[in-house]
Amino acid sequence: MINYEEELKKFQPSLDVDDAEGAIYSRDLTDVIDILKEMLKETSTNQKE
């Protein structure tokens with residue numbers, strides 16, 4: 001039978017996951033909301049002209 005307490009004591013988080021997390025959070029990524037805001041801004045600018 002698996003001794004969960006012993007297994008938890010052995011657990012060490014993967015360094016790859018920590019590195020990836022840092023790289024993801026440090027970037028300024030464009031998401032869908034940013035794209036929609038830019039599209040609305042361009043549309044409103046074109047309508048004023």
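All heavy atoms count here, side chains included; hydrogens, waters and symmetry mates do not. Everything quoted here is computed from the prediction, not taken from an experiment.
Applying the salt bridge (charged side-chain N to carboxylate O under 4.0 Å, His left out) criterion to E7, with sequence neighbours excluded, gives K10. Among residues two or more places apart in sequence or in another chain, the salt bridge (charged side-chain N to carboxylate O under 4.0 Å, His left out) test is passed with K41 by none.
Atom CG of L36 is separated from atom CG of D31 by 9.0 Å, given to the nearest 0.5 angstrom.
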